[in-house]
> 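Take this structure, written in structure tokens, and hold onto it; I'll ask about it next.
Since the model is a prediction, treat every value here as computed from it, not as a measurement.
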Amino acid sequence: RCIRFRYFDYTVAKERQYRHGGAWYEISPLSLMWDDENYYMLGYDPGAEKLKHYRVDKMTEISALDQTRDGKEEFSKIDMSQYSKKVFGMFTGEVQNVRLRFENSLVEPVIDRFGRDTMILASDESHFTISVDVAVSPQFFAWVFGFGTAVEILSPENVREDYKQKFLSLAEMYH
């Protein structure tokens, strides 16, 4: 069955501020996931006609509705293990195929993140490349940034340029 709840963020004063003015969310729950020490509910939003995820600890006043769940067909199209590898910190973004070049020493974190089935191609004696579908988001860029100069976004150009602009604006802030 569908569920209804309100969803909030915390303010600087550590008070709850409900999203959308406290409006109710009516979602078809499909799966529960664990990521970065938080539980997330993956559900289908019939109004937006797409899958969305919500942090369970930020959902309040949850109740079951009489209407049956929607989105089962949409949910059946995804592989949950692959879905969780595309999304960084449960931040959504446009899913794009991104080509990355890593130093060979980073093969373990790449396999941990994207799985053993990820095609790894040697590009020279000290680097390899991968092409993976990711939800391009600030969290994805933070993951890349964490490896410093040991990783480079090769393509697509728009993702490479977005990363560069975020880095330049960060550098400007500390200039």
Side-chain angles (χ1 to χ4, degrees), residues 7 9 19 27-45 47-58 70-175:
Y7 199 63
D9 295 306
R19 290 191 185 179
I27 302 295
S28 297
L30 299 168
S31 181
L32 194 61
M33 301 178 294
W34 173 260
D35 184 66
D36 196 25
E37 304 202 18
N38 292 298
Y39 279 106
Y40 292 85
M41 178 201 65
L42 178 64
Y44 182 77
D45 181 340
E49 298 182 343
K50 66 180 182 176
L51 295 173
K52 294 183 177 182
H53 47 264
Y54 303 88
R55 258 185 58 177
V56 173
D57 63 313
K58 294 170 65 175
D70 293 317
K72 292 178 190 172
E73 183 178 322
E74 190 73 25
F75 182 66
S76 70
K77 295 177 186 174
I78 65 170
D79 176 338
M80 283 305 293
S81 65
Q82 293 302 314
Y83 177 84
S84 63
K85 290 172 186 166
K86 290 178 192 176
V87 181
F88 285 75
M90 290 298 135
F91 282 78
T92 56
E94 181 185 350
V95 175
Q96 296 185 58
N97 186 269
V98 178
R99 192 163 158 256
L100 302 150
R101 180 174 175 257
F102 293 88
E103 289 182 0
N104 286 346
S105 63
L106 296 178
V107 72
E108 289 293 327
V110 167
I111 289 172
D112 288 347
R113 177 80 228 178
F114 299 109
R116 288 179 43 112
D117 293 337
T118 303
M119 184 167 298
I120 295 174
L121 302 170
S123 62
D124 61 36
E125 61 188 40
S126 53
H127 296 89
F128 65 90
T129 62
I130 63 169
S131 290
V132 289
D133 291 335
V134 298
V136 178
S137 67
Q139 291 307 110
F140 165 68
F141 288 143
W143 183 80
V144 170
F145 185 80
F147 296 116
T149 59
V151 62
E152 179 182 2
I153 298 171
L154 299 175
S155 65
E157 189 58 37
N158 69 305
V159 174
R160 187 177 165 87
E161 185 61 28
D162 285 352
Y163 182 71
K164 176 183 168 185
Q165 290 306 315
K166 289 199 184 327
F167 180 78
L168 290 173
S169 63
L170 181 64
E172 181 62 30
M173 187 169 98
Y174 287 93
H175 182 67

> When the side chains of residues 97-104 are checked against the rest of the protein, which donor-acceptor pairs come out under 3.5 Å, sequence neighbours left out?
residue: N97; atom: ND2; partner: D133; partner atom: OD1; Å: 3.1
residue: R101; atom: NH2; partner: D124; partner atom: OD2; Å: 3.3
residue: R101; atom: NH2; partner: H127; partner atom: ND1; Å: 3.1
residue: N104; atom: OD1; partner: H127; partner atom: N; Å: 3.4
residue: N104; atom: ND2; partner: E125; partner atom: O; Å: 2.9

> Evaluate side chain to side chain contact (heavy atoms under 4.5 Å, CB included) for I27 paired with M41, printing each intermediate quantity in order.
CA-CA 10 Å; I27 302 295; M41 178 201 65; 3.8 Å; yes

> Kindly indicate whether the side chain of V136, heavy atoms from C-beta on, has any atom under 4.5 Å from the side chain of N158.
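Counting from C-beta outward, V136 and N158 never come under 4.5 Å.
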
> Around atom CD of E73, are there more than 12 heavy atoms of other residues, nucleotides or ligands at under 6.0 Å?
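Open: at most 12 neighbouring heavy atoms sit under 6.0 Å from CD of E73.
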
> When rounded to the nearest 0.5 angstrom, what is the spacing between CG in L154 and OG in S123?
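It is 8.0 Å, given to the nearest 0.5 Å.
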
> Are F167 and V144 packed together at the side-chain level, in the sense that at least one heavy-atom pair is separated by less than 4.5 angstrom?
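Answer no - side chains too far apart.
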
> CG/D162 to CD/E94 distance, rounded to the nearest 0.5 angstrom?
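Interatomic distance, D162 CG to E94 CD, rounded to 0.5 Å: 9.5 Å.
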
> How long is the span from the OG atom in S105 to the CZ atom in F128, to the nearest 0.5 Å?
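Those atoms lie 8.0 Å apart.
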
> Apply side chain to side chain contact (heavy atoms under 4.5 Å, CB included) to the pair Y44 and K72, showing each step before the final yes or no.
CA-CA 8 Å; Y44 182 77; K72 292 178 190 172; over 6 Å; no

> Please report the closest heavy-atom contact between F75 and L51, naming both atoms and the distance.
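Shortest heavy-atom contact: CA-CD1, 4.5 Å.
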
> Measure across R19 and D9 and return the closest heavy-atom pair with its distance rounded to 0.1 Å.
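So the minimum-distance heavy-atom pair works out to NE-OD2, 2.7 Å.
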
> Is it true that atom CG of D57 has more than 12 heavy atoms of other residues, nucleotides or ligands lying nearer than 6.0 Å?
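Result for CG/D57: enclosed.
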
> Measure the acute angle between the ring planes of F140 and W143, then classify it against the limits of 30° and 60° as parallel, tilted or perpendicular.
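Aromatic pair F140/W143 classed parallel.
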
> Can you name the closest pair of heavy atoms from Q96 and V159 and give their distance?
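What the structure gives for the nearest pair is OE1-CG2, 3.6 Å.
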
> How close do A150 and L106 get, heavy atom to heavy atom, and via which atoms?
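In terms of heavy atoms, the two residues are closest at CB-CD1, 3.5 Å.
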
> As a quick check of understanding, evaluate side chain to side chain contact (heavy atoms under 4.5 Å, CB included) for I111 and I120, giving each step before the final call.
CA-CA 9 Å; I111 289 172; I120 295 174; 4.1 Å; yes

> Looking at every non-hydrogen atom in both residues, tell me the closest pair between Y40 and H53 and how far apart they are.
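It is CD2-CD2, 4.3 Å.
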
> Using a 6.0 Å cut-off, check whether atom CD of E157 has over 12 heavy atoms from anything other than its own residue.
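It does: E157 CD has more than 12 such atoms within range.
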
> How close do F145 and Y163 get, heavy atom to heavy atom, and via which atoms?
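Taking every non-hydrogen atom into account, CA-OH, 3.3 Å.
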
